[in-house]
Amino acid sequence: MKPINVGLLGIGTVGGGTWTVLTRNQEEITRRAGRPIRTSVVADRNLELARGMTGGQARVTDDAFSVVNDPEVDIVVELIGGYTVAKDLVMQAIANGKHVVTANKALLAVHGNEIFAAAQAKGVMVAFEAAVAGGIPIIKALREGLSANRIQWLAGIINGTTNFILSEMRDKGLPFDTVLKEAQRLGYAEADPTFDIEGVDAAHKATLMASIAFGIPIQFDKAHIEGISKLDAVDIKYAEQLGYRIKLLGIAKRQDAGVELRVHPTLIPSKRLIANVEGAMNAVLVWGDAVGATLYYGKGAGAEPTASAVIADLVDVTRLATADPLNRVPHLAFQPGQMSDLPVLPMSAV
Ligand code: HSE
């Protein structure tokens with residue numbers, strides 16, 4: 001089977017996780033995708049890091065444009081972040097007819113309409129499951145799983161860093177700055193953590209979800225954004241005494257006249273499920289008219305959880321090239337010829 005070649009742009013936290021998981025689960029991923037997914041080239045400014053991570057298994061370069069212009073590369077995975085170089089690289093990859101997988105919520109929230117229009121015109125995919133809520137497959141749930149519904153609203157804890165800060169401050173009484181440093185050390189925070197703390201990252205994600213939920217263009221500039229920087233330890237304490245927890249929520253809600261799109265700290269009764277989403281965990285509640293409330297919970301940041309979403313997109317894109325066009329996703333998830341004879345155990349062995 002001819003491998004599908006991936007050009008990986010950025011081998012930092014998420015890029016490193018993507019490399020590790022693709023390597024570790026290669027066999028199982030191939031059985032799902034129908035073709036091996038091979039990272040043939042990695043671009044990173046830190047060549048030493050890239051060489052150390054890849055151990056000679058992929059070509060390494062510090063010229064990301066050489067990757068998006070490489071005729072051997074089928075899918076570009078953009079994990080650089082930011083709006084500038086990342087945008088040029090994504091647009092160039094699309095112009096070259098390559099599919100793109102990205103975790104870059106900032107880029108899509110600000111330039112997504114232009115990027116998706118270019119991809120549509122060129123007939124390529126720009127997949128972005130990893131851009132919202134890390135490892136939770138919320139894009140797939142909203143776009144596919146709930147497609148029968150008129151979605152009325154969604155509300156989510158969609159920034160791991162701020163949820164980690166609020167949880168640790170409440171639980172351990174630690175000061176804000178100490179917890180933020182820990183979130184950075186654990187790889188949760190953005191390169192510029194102001195985006196986390198001031199609610200901008202959550203607003204990027206809420207904007208993307210609002211677009212998918214309501215079928216509206218991406219309108220980040222219309223979002224109301226308020227972060228957690230004005231909260232004191234005493235606010236968290238008083239909230240707890242009153243039976244509430246403070247959570248930074250991203251909310252998108254349909255009204256007759258339009259759509260509410262907002263990020264701000266909220267008081268949630270402490271018995272509610274979502275109030276008990278702690279640390280870097282994320283959760284998104286979605287209310288659809290047919291299904292009612294559904295809740296999606298999981299790790300919203302970090303290397304391997306985010307890589308989980310990046311690789312799911314890689315499998316989706318690879319299946320475009322492998323599957324019977326009438327049955328793009330195999331009925332039982334794995335390619336029919338790739339089923340395993342792993343036995344189901346008798347209860348005595350359980
Ligand atoms: N900085 C982000 C967060 C990373 O803390 O949620 C995942 O998007």
Side-chain angles (χ1 to χ4, degrees), residues 10 12-18 21 77-83 86 101-110 112 127-140 142 154-169 176-210 212 218 220 223 225-229 231 246-251 263-265 274 277-284 296-313:
T13 303
V14 179
T18 301
V21 177
V77 176
E78 186 277 304
L79 301 174
I80 293 176
Y83 314 99
V101 172
T102 180
N104 194 337
K105 53 264 163 149
L107 175 66
L108 294 179
V110 175
F128 57 100
E129 185 65 73
V132 182
I136 305 174
I138 188 66
I139 300 296
K140 186 152 278 196
L142 284 169
L154 58 87
I157 296 171
I158 45 180
N159 181 267
T161 302
T162 44
N163 204 49
F164 181 74
I165 291 172
L166 292 173
S167 302
E168 294 283 287
M169 285 175 75
F176 185 98
D177 289 341
T178 310
V179 191
L180 172 60
K181 282 207 184 85
E182 181 63 359
Q184 287 175 298
R185 192 187 67 77
L186 292 167
Y188 302 151
E190 296 302 297
D192 175 1
T194 321
F195 271 23
D196 295 299
I197 293 154
E198 298 302 346
V200 177
D201 176 75
H204 288 149
K205 295 165 179 166
T207 300
L208 292 172
M209 288 196 292
I212 295 171
I218 298 165
F220 171 68
I225 309 174
E226 190 188 332
I228 64 165
S229 61
L231 290 176
I246 298 180
K247 294 289 178 191
L248 184 71
L249 288 187
I251 297 168
V263 171
H264 52 80
I274 200 162
V277 173
E278 297 284 52
M281 301 305 280
N282 278 194
V284 184
Y296 308 84
Y297 171 83
K299 288 187 178 160
E304 293 204 8
T306 314
S308 165
V310 168
I311 296 168
D313 278 345

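Both ligands and their constituent atoms are indexed starting at 1 by order of listing. Values below: every heavy atom of this structure, side chains too, minus hydrogens, waters and symmetry copies.
In summary, the atoms of ligand 1 found under 4.0 Å from a heavy atom of Lys205, numbered by their order in the structure, are 2 (C), 3 (C), 6 (O), 7 (C), 8 (O). Here is the list of ligand 1 atoms found below 4.0 Å of a heavy atom in Glu190: 1 (N), 2 (C), 4 (C). Of all atoms in ligand 1, listed by their number and element, those nearer than 4.0 Å to a heavy atom of Tyr188 are 1 (N), 2 (C), 3 (C), 4 (C), 5 (O). Of all the atoms in ligand 1, the ones that sit under 4.0 Å from a non-hydrogen atom of Asp196 are 1 (N), 2 (C), 3 (C), 5 (O).
What sits closest to atom 8 (O) of ligand 1 on the protein, heavy atoms only, is Lys105 NZ, 2.6 Å. Scanning all protein heavy atoms for the shortest distance to atom 6 (O) of ligand 1 gives Gly160 N, 2.7 Å. For atom 7 (C) of ligand 1, the closest non-hydrogen atom of the protein is Gly300 O, 3.4 Å.
Of the charged side-chain nitrogens involved, at least one lies within less than 4.0 Å of a carboxylate oxygen, so that Lys205 and Asp201 count as a salt-bridged pair.
Contacts of Glu182 classified as salt bridge (Lys or Arg N to Asp or Glu O under 4.0 Å), with partners at least two apart in sequence or in another chain: Arg185. Among residues two or more places apart in sequence or in another chain, the salt bridge (Lys or Arg N to Asp or Glu O under 4.0 Å) test is passed with Lys140 by Asp316.
Interatomic distance, CZ of Phe128 versus CG of Asn104, reported as 12.0 Å (0.5 Å rounding). Leu180 CG to Ile197 CD1: the interatomic distance, rounded to the nearest 0.5 Å, is 4.5 Å.
A perpendicular orientation is assigned to the rings of Phe195 and His204, their planes being inclined by more than 60° (bins at 30° and 60°).
Contacts between Asp201 and ligand 1 below 4.0 angstrom, taking non-hydrogen atoms only, involve the side chain exclusively. At a heavy-atom distance under 4.0 Å, atoms from both the backbone and the side chain of Thr161 approach ligand 1.
Under a 4.0 Å heavy-atom criterion, Gly134 is not in contact with ligand 1.
The two residues Ile136 and Tyr296 have their closest heavy-atom pair at CG2-CB, 3.6 Å.
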